[in-house]
Amino acid sequence: MVKINENYLKLPGSYLFSTIGKKVNAYIQAHPDKRIIRLGIGDVTQPIAPAITYALHEAVDEMGHKETFHGYAPDLGYGFLREIIAKEDYAARGCNISPDEIFISDGAKSDCGNIQEIFDESCRIAVCDPVYPVYVDSNAMAGRTGEYEEETGRWSRVIYMPCTAHNHFVPELPQETPDLIYLCVPNNPTGTTLTRDQLKVWVDYANQKGAVILYDAAYEAYIAQDDVPHSIFEIQGAETCAIEFRSFSKNAGFTGVRLGFTVIPKALERGGVALHSLWARRHGTKFNGAPYIVQKAGAAVYSEEGKAQLKEQVAYYMRNAKTIYTGLKEAGYEVYGGVNAPYIWLKVPEGMTSWEFFDRLLEEAGVVGTPGSGFGPNGEGYFRLTAFGTYENTAEAIERMKKMPSLKK
Ligand SMILES: *Cc1c(COP(=O)(O)O)cnc(C)c1O
């Protein structure tokens, strides 16, 4: 008799986006004349930039000719892409990362979710609270998180690091010693960052304890302030304790095209084994390479035209972020994020829960956001708005929010 992986049964239902969907549908039924504005989605809305669609077309044509056809891509990615990444994302920032320390993949979600496979089941993980759910759920599936406690919304073996206005969204070194530390900078959902000095504390801690930092830099392109590092490898000592995940989804709109990469320095060893060799083995066994066409599109991201067009795209979203941030500040809200990230994290008015605010916002302004409590217990009392909409919708949403009757002081 087949036994299933019972760890899957321990996972709590992912009610967040389905509950949001149901509430929004009910509102639309009741108010067919009202136009809803969605600032809850984490997906981009601007189309793929011209330099990139041009590269896609060219690559498609290559695939249609015998002389230029490409079959299986190398497991770890094409040299042309790994070389340009090493140069543009790392060497240009003074990081000593070689092309063969870069693994091309179909996106950061897969890599963030799969990386735990190369570590023992007994490893303790530490995550920020609130957090992007992939880190915890992928470890839960592997049986690494203990039991889920409904009342607290926590797993018994996970070390939670609260990130709230109280500590300026900077996680504190935990009491218990973790083996794997997940950090996402700039952060989803809070939109906040760590400075070089703040990240150095974590790098030193991980090296001292023999822990490994799993660093998700999916929002790197949104960094505007000089003291926020674009890569953890800008920090001295990171090459012996960190793995970095990058994505083409948020900087270049590849959410539907699919491309990302993971950096594992060869100097990163645990138990006398280079983690690079384990991931190379895993990648080679379970992944057959990102498509040639898509890797060509990825290389176009680094072309002069590509860079210029994407800079504009990021600026477009960041103009939305600023509109939300300043608009809500003027309206008297406590707001965070939005400066180095396309997310604004706001404190809901005193005495309200995240879900109560969701309902008011929908009812009174026809605006949809995401309740902070959906990202973890310490997200309660907060609310996430994204800058990924159109400028017109974003500006209108903020005007509507300013006029909400229940928020009039
Ligand atoms: C969007 C996002 C990713 C990127 O995922 P892809 O699979 O590359 O699309 C990774 N981490 C976080 C925190 C994200 O929000």
Side-chain angles (χ1 to χ4, degrees), residues 14 16-17 39-46 48 52 77 81 85 89 102-116 125-139 161 163 169 171 180-194 213-223 228 230-232 242-263 283 286-287 289-291 294-295 297-298 301 310 313-314 317 321 337-338 340-345 369-370 372 374-376 379 384-389:
S14 176
L16 181 62
F17 289 100
L39 300 184
I41 43 156
D43 199 354
V44 297
T45 52
Q46 294 289 299
I48 300 292
I52 299 165
L81 182 57
I85 290 171
D89 283 327
I102 297 166
F103 298 79
I104 307 298
S105 74
D106 64 350
K109 189 183 198 174
S110 334
D111 288 353
C112 290
N114 290 326
I115 195 72
Q116 46 78 27
I125 71 160
V127 294
C128 292
D129 171 19
V131 70
Y132 178 61
V134 173
Y135 317 140
V136 175
D137 288 1
S138 57
N139 278 286
M161 306 181 290
C163 293
F169 304 93
L180 301 173
I181 301 162
Y182 287 87
L183 294 177
C184 177
V185 186
N187 194 262
N188 177 10
T190 65
T192 57
T193 54
L194 298 178
I213 297 175
L214 301 168
Y215 193 79
D216 185 344
Y219 295 95
E220 170 277 330
Y222 292 86
I223 294 170
V228 179
H230 288 249
S231 164
I232 194 168
I243 293 176
E244 178 164 291
F245 306 99
R246 291 275 191 110
S247 168
F248 288 76
S249 287
K250 312 297 164 40
N251 64 330
F254 277 36
T255 53
V257 176
R258 310 304 308 141
L259 192 66
F261 61 90
T262 288
V263 179
H283 216 57
K286 296 196 182 180
F287 184 64
V294 174
Q295 293 194 51
V301 165
L310 294 178
Q313 223 170 62
V314 166
Y317 294 132
N340 298 291
Y343 295 114
I344 283 81
W345 190 244
T370 315
F375 299 100
R384 191 189 75 173
L385 294 174
T386 82
F388 286 132

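Each residue takes its place number in the sequence, starting with 1. We count ligands from 1, going down the list as the structure has it; atoms in each ligand are counted the same way. Remember, predicted model here, so these are calculated numbers, not experimental data.
- Protein heavy atom nearest atom 11 (N) of ligand 1, with residue, atom name and distance: Asp216 OD2, 2.6 Å.
- At least one side-chain heavy atom of Trp345 sits under 4.5 Å from a side-chain heavy atom of Phe169.
- Residue Cys184 places a heavy atom under 4.0 Å from ligand 1.
- Here the side chains of Thr262 and His283 are not in contact, with every heavy-atom distance at 4.5 Å or above.
- Taking the six-membered ring wherever Trp is involved, the centroid distance between the rings of Tyr219 and Tyr343 falls below 6.0 Å.
- When only interatomic distances are considered, the shortest N/O to N/O separation between Asp106 and ligand 1 does not fall below 3.5 Å.
- Annotation for ligand 1: atoms under 4.0 Å from non-hydrogen atoms of Gly107 are 7 (O), 8 (O).
- Scanning both residues, Phe388 and Thr45, for their nearest heavy atoms gives O-OG1, 2.5 Å.
- Atom-to-atom distance recorded for Ile125:CD1 and Gln116:CD is 9.0 Å, nearest 0.5 angstrom.
- For the pairing with Asp216, the side-chain hydrogen bond (donor to acceptor under 3.5 Å, both in side chains) check across Tyr135, Tyr182, Tyr132 returns one residue only, Tyr135.
- Considering both main-chain and side-chain atoms, Tyr135 never comes within under 3.5 Å of ligand 1 through any nitrogen or oxygen pair.
- Residue contacts with ligand 1 for Ala108 involve both N, CA, C or O and side-chain atoms from C-beta outward (heavy atoms, distance under 4.0 Å).
- With rounding to the nearest 0.5 angstrom, the OG atom of Ser105 is 9.0 Å from the CG atom of Asn114.
- Considering only non-hydrogen protein atoms, atom 14 (C) of ligand 1 sits nearest to Lys250 NZ, 3.3 Å.
- Within ligand 1, the atoms closer than 4.0 Å to a non-hydrogen atom of Ser247 are 4 (C), 6 (P), 8 (O), numbered from 1 in the order shown.
- Those atoms of ligand 1 with a heavy atom of Lys109 less than 4.0 angstrom away are 5 (O), 6 (P), 7 (O).
- By the 4.5 Å heavy-atom criterion applied to side chains, Asp89 and Val263 are not counted as neighbours.
- Among protein heavy atoms, the minimum distance from atom 15 (O) of ligand 1 is reached at Tyr219 OH, 2.6 Å.
- Between Asn251 and Arg246, the side chains place no donor N or O within less than 3.5 Å of an acceptor N or O (distance only, hydrogens not considered).
- Atom numbering of ligand 1 starts at 1 in the shown order; those under 4.0 Å from a heavy atom of Ala218 are 3 (C), 10 (C), 11 (N).
- Close contacts of ligand 1 with Ser249, meaning ligand atoms under 4.0 Å from a residue heavy atom, involve 6 (P), 8 (O), 9 (O).
- When only non-hydrogen protein atoms are considered, atom 7 (O) of ligand 1 lies nearest to Arg258 NH2, 2.7 Å.
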